Student: 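Before anything else, here's the structure in question.
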Amino acid sequence: MKKLLLAVGMIGLISACTTNAVTGRKGINVVSNSQIFPQSFAQYQEVLKSAQVETGTANAKLVQTVGERIKYAAEKYYAEKGLSAQLDGYQWEFKLLKADEVNAWCMPGGKVAVYTGILPITKTTDGLAVVMGHEIGHALANHSAEQMSRQYGMSVLGSVVGSAAGNTSWGSAFEQYYPVVGQVGLLSYSRKMELDADLTGLYLMAMAGYNPNEAIPFWERMSAAGNGGTVEFLSTHPSDATRIAKIKEALPTAMAYYNASPYKGK
């Protein structure tokens with residue numbers, strides 16, 4: 001029986017392989033967007049109820065504008081690749097929250113929050129695009145579902161692969177990894193996922209007409225801020241040297257996207 005379950009599990013893992021449409025990174029996911037999105041949307045609304053949402057200001061409008069442009073660029077890219085179906089069910093929102101924390105996040109399905117505490121470090125519109133592109137990259141690559149699959153599902157692989165579609169315990173897993181306490185407790189990603197989000201965000205911001213060269217000075221500023229204390233946005237991220245080296249390697253590709261962007265200079 002154990003051998004049979006293992007065989008079924010291996011077949012399930014193969015069929016559950018996913019590929020990031022932007023970077024080509026492969027991952028494993030045994031939970032669907034239709035399972036995780038409803039919990040995500042509900043949690044996001046709970047966060048907004050308890051948070052101070054900034055509206056009508058120049059910064060709030062900037063967060064909305066940058067988010068919309070990255071969203072449109074991503075949709076255009078996915079459409080050109082014939083992958084628009086991968087974006088089914090996304091319900092994008094871009095909110096600026098009044099909070100001192102140096103942080104930003106995007107929940108599954110496109111629910112984005114930027115904290116005012118990170119704006120002194122983003123400094124420019126391009127700097128903000130680095131942050132939002134990174135977080136949107138996590139959502140588009142389904143890193144949350146992948147991480148939940150690994151942390152929650154792999155321990156019971158044989159049964160999860162066969163019955164995940166109807167397994168209500170995924171809702172409990174979501175609540176465990178995304179508890180709402182004041183603002184929100186977010187799932188920690190692996191370093192590989194963080195680097196994948198870096199590159200996804202770099203390419204997306206470039207497609208949206210934001211200068212990807214600004215990613216390096218932004219991360220340098222973020223590193224300096226982190227050296228002065230705990231910065232939530234850096235808590236699970238790879239080393240600064242590794243991140244910057246990977247971004248430098250990817251800049252030629254990002255610049256090609258930037259130079260071809262219809263949004264460049266707008």
Side-chain angles (χ1 to χ4, degrees), residues 40-41 43-77 90-107 109-140 182-184 186 197-198 200-226 228-234 237 247 254-255 257-259 261-266:
S40 172
F41 299 158
Q43 293 287 57
Y44 188 72
Q45 293 307 312
E46 288 300 315
V47 171
L48 297 186
K49 288 178 183 178
S50 62
Q52 288 184 287
V53 181
E54 185 169 316
T55 60
T57 66
N59 283 333
K61 292 176 182 177
L62 184 61
V63 167
Q64 183 71 30
T65 298
V66 172
E68 290 287 351
R69 275 178 54 169
I70 293 176
K71 169 203 166 191
Y72 291 141
E75 289 175 342
K76 181 175 181 291
Y77 175 84
Y90 279 77
Q91 297 180 16
W92 296 96
E93 288 189 61
F94 310 98
K95 302 295 185 183
L96 179 63
L97 306 186
K98 295 180 182 180
D100 293 334
E101 290 93 336
V102 179
N103 204 10
W105 41 266
C106 180
M107 296 184 78
K111 302 299 187 179
V112 179
V114 176
Y115 291 11
T116 54
I118 204 172
L119 297 182
I121 301 175
T122 61
K123 285 192 173 182
T124 66
T125 300
D126 291 322
L128 180 61
V130 175
V131 171
M132 296 186 70
H134 174 96
E135 295 305 324
I136 289 170
H138 275 309
L140 292 178
Q183 296 289 341
V184 66
L186 291 176
D198 280 352
T200 303
L202 189 74
Y203 297 152
L204 289 175
M205 69 174 288
M207 293 174 198
Y210 297 111
N211 189 349
N213 283 307
E214 292 302 309
I216 293 175
F218 165 76
W219 286 114
E220 290 173 342
R221 293 194 299 272
M222 184 62 71
S223 175
T230 301
V231 176
E232 183 65 25
F233 194 67
L234 289 173
H237 288 52
I247 289 173
M255 286 303 297
Y257 283 130
Y258 176 63
N259 290 327
S261 173
Y263 308 106
K264 181 181 176 183
K266 294 184 179 179

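One is the number of the first residue; the rest follow in order along the sequence. Remember, it's a predicted structure, so these values are computed and weren't measured experimentally.
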Student: Report the C-alpha separation of E93 and L48 in whole Å, then their side-chain angles, then the decisive distance to 0.1 Å, and conclude whether the side-chain contact (heavy atoms from CB on, under 4.5 Å) test is met.
Tutor: CA-CA 11 Å; E93 288 189 61; L48 297 186; 4.3 Å; yes
Student: Y210 versus T124: any side-chain heavy-atom pair under 4.5 Å?
Tutor: no
Student: Nearest 0.5 angstrom please: Q64 CD to N59 CG, how far?
Tutor: 13.5 Å
Student: Quick one: does W219's side chain get under 4.5 Å of V130's, heavy atoms only?
Tutor: yes
Student: Give me the ring orientation class for H134 and H138: parallel if the planes are under 30° apart, tilted from 30 to 60°, perpendicular past 60°.
Tutor: perpendicular
Student: Hey, are the side chains of K76 and M207 touching, using non-hydrogen atoms and a 4.5 Å cut-off?
Tutor: no
Student: Please examine the side chains of E54 and V63, heavy atoms only from C-beta on, and report whether any two atoms are closer than 4.5 Å.
Tutor: no
Student: Are L97 and V114 packed together at the side-chain level, in the sense that at least one heavy-atom pair is separated by less than 4.5 angstrom?
Tutor: no
Student: Restricting to non-hydrogen atoms, name the atom on F41 and the atom on K111 that form the minimum distance, rounded to 0.1 Å.
Tutor: CD2-CE, 3.2 Å
Student: Once you round to the nearest 0.5 Å, how far does OH of Y77 lie from OH of Y257?
Tutor: 4.0 Å
Student: Would a 4.5 Å heavy-atom cut-off, applied to side chains only, mark F94 and V66 as touching?
Tutor: no
Student: Name the one of T65, I121, L62 that satisfies side chain to side chain contact (heavy atoms under 4.5 Å, CB included) with L128?
Tutor: L62
Student: Got more than 12 heavy atoms from elsewhere within 6.0 Å of CG, N259?
Tutor: yes
Student: Between R69 and M132, is any pair of side-chain heavy atoms under 4.5 Å apart?
Tutor: no
Student: What is the distance from atom CE of M255 to atom OG of S261, rounded to the nearest 0.5 Å?
Tutor: 11.0 Å
Student: Only one of M222, E214, E220 passes side chain to side chain contact (heavy atoms under 4.5 Å, CB included) with F218; say which it is.
Tutor: M222
Student: Can you name the closest pair of heavy atoms from P120 and T116 and give their distance?
Tutor: CD-O, 3.4 Å
Student: Identify the heavy atoms of Y115 and A99 that sit nearest to each other, and give their distance.
Tutor: CD2-CB, 4.0 Å
Student: How long is the gap from CD1 on I216 to CG on L202, to the nearest 0.5 Å?
Tutor: 8.5 Å
Student: So, for L204 and A73, which heavy atoms are closest and what is the spacing to 0.1 Å?
Tutor: O-CB, 4.2 Å
Student: If every non-hydrogen atom of G56 is compared with every non-hydrogen atom of A60, which pair is closest and at what distance?
Tutor: N-CB, 4.1 Å
Student: Determine, stepwise, if the pair Y90 / E75 fulfils side-chain contact (heavy atoms from CB on, under 4.5 Å).
Tutor: CA-CA 11 Å; Y90 279 77; E75 289 175 342; over 6 Å; no
Student: Under the criterion side-chain contact (heavy atoms from CB on, under 4.5 Å), I'd like the reasoning laid out for K71 against I136: C-alpha separation, chi angles, the key distance, then a yes or no.
Tutor: CA-CA 8 Å; K71 169 203 166 191; I136 289 170; 5.9 Å; no
Student: So which atom in I70 and which in A129 form the shortest heavy-atom distance, rounded to 0.1 Å?
Tutor: CD1-O, 3.9 Å
